[in-house]
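Below is one structure; the comments refer to it alone.
Note that the coordinates shown come from a computational prediction; the quantities given were computed from them, not determined experimentally. Computed from heavy atoms alone, side chains included, the values below leave out hydrogens, waters and symmetry copies.
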Amino acid sequence: MAVSFIVVKTEKENVKATIVKFFEAFHKQDTTMLKAMAKGDIIMQSISVDKEGKTVLQESDYSQFLKNIASIPKDRTFEEKLLDFNIQV
């Protein structure tokens with residue numbers, strides 16, 4: 001008797017897997033994979049604190065984001081940690 005199992009991922013699981021895959025490519029500086037994962041006109045937003053302690057919102061297009069990722073020296077370690085997911089589909 002043969003038994004087969006079908007694994008069905010929910011939409012939320014698929015979205016989470018895509019996000020995780022994006023950050024894996026990001027940490028590997030794999031701009032080819034990052035480029036393949038995006039379509040259309042994407043505006044990247046980053047929030048930081050300036051020297052005066054003010055919160056600053058910075059925007060750049062996706063191609064500039066890819067250039068910035070590629071320009072990080074290979075001997076430099078960096079990591080964006082995903083602490084939680086709130087996925088709404």
Side-chain angles (χ1 to χ4, degrees):
M1 179 170 151
V3 178
S4 61
F5 294 95
I6 299 174
V7 177
V8 178
K9 288 188 173 183
T10 67
E11 283 185 80
K12 286 185 179 185
E13 290 171 326
N14 287 331
V15 170
K16 183 177 179 179
T18 301
I19 293 167
V20 169
K21 185 177 177 181
F22 176 90
F23 277 91
E24 287 172 352
F26 173 74
H27 293 128
K28 292 177 184 176
Q29 294 175 272
D30 186 345
T31 56
T32 302
M33 177 61 75
L34 290 170
K35 186 181 276 189
M37 295 180 75
K39 291 187 180 191
D41 296 326
I42 297 173
I43 300 297
M44 302 296 290
Q45 294 183 324
S46 176
I47 298 173
S48 60
V49 177
D50 67 11
K51 293 178 184 178
E52 291 82 36
K54 295 179 185 175
T55 302
V56 179
L57 174 65
Q58 297 173 326
E59 292 186 347
S60 65
D61 62 26
Y62 198 68
S63 62
Q64 185 61 49
F65 165 75
L66 295 175
K67 289 176 190 174
N68 292 343
I69 295 304
S71 71
I72 297 171
K74 300 294 182 196
D75 62 345
R76 189 170 184 193
T77 304
F78 65 98
E79 182 180 9
E80 296 283 332
K81 291 185 180 184
L82 300 175
L83 302 177
D84 194 14
F85 291 86
N86 182 4
I87 299 169
Q88 300 176 5
V89 290

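- When every heavy atom of H27 is checked against every heavy atom of F78, the shortest pair comes out as CD2-O, 3.6 Å.
- Taking NZ from K67 and OG from S60, the interatomic distance works out to 11.0 Å, rounded to the nearest 0.5 Å.
- Other residues, nucleotides and ligands contribute more than 12 heavy atoms inside 6.0 Å of the CG atom of D50.
- Taken to the nearest 0.5 Å, the CD atom of Q58 stands 11.0 Å off from the CD atom of Q45.
- F65 and L57 sit in two unconnected hydrophobic clusters of ILVMFWY residues. Membership requires side-chain heavy atoms under 4.5 Å apart, directly or through other members.
- The minimum heavy-atom distance linking M33 with A25 is given by the pair CG-CB, 3.7 Å.
- Rounded to the nearest 0.5 Å, atoms CG (D61) and CD1 (I43) are 6.0 Å apart.
- Pairing each heavy atom of A70 with each of Q29, the nearest pair is O-NE2, 4.2 Å.
- By the rule that hydrophobic residues join a cluster once side-chain heavy atoms approach within less than 4.5 Å of another member, V89 and F22 end up as members of one cluster.
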- Begin with the C-alpha distance, continue with both residues' side-chain angles, and end with the deciding distance and a verdict on side-chain contact (heavy atoms from CB on, under 4.5 Å) for V15 and F85. CA-CA 10 Å; V15 170; F85 291 86; over 6 Å; no

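- In the displayed structure, E11 atom CD is contacted under 6.0 Å by at most 12 heavy atoms of other residues, nucleotides or ligands.
- For the atom pair CZ of F26 and OG1 of T31, the computed distance is 12.5 Å after rounding to the nearest 0.5 Å.
- Taking CG from L34 and CZ from F23, the interatomic distance works out to 9.5 Å, rounded to the nearest 0.5 Å.
- Residue K74 places its NZ atom among more than 12 non-hydrogen atoms of other residues, nucleotides or ligands, all under 6.0 Å distant.
- Here K28 contributes atom NZ and I69 contributes atom CD1; the two are 14.5 Å apart, rounded to the nearest 0.5 Å.
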Verdict with reasoning, T55 to I47, per side-chain contact (heavy atoms from CB on, under 4.5 Å): CA-CA 7 Å; T55 302; I47 298 173; 3.4 Å; yes

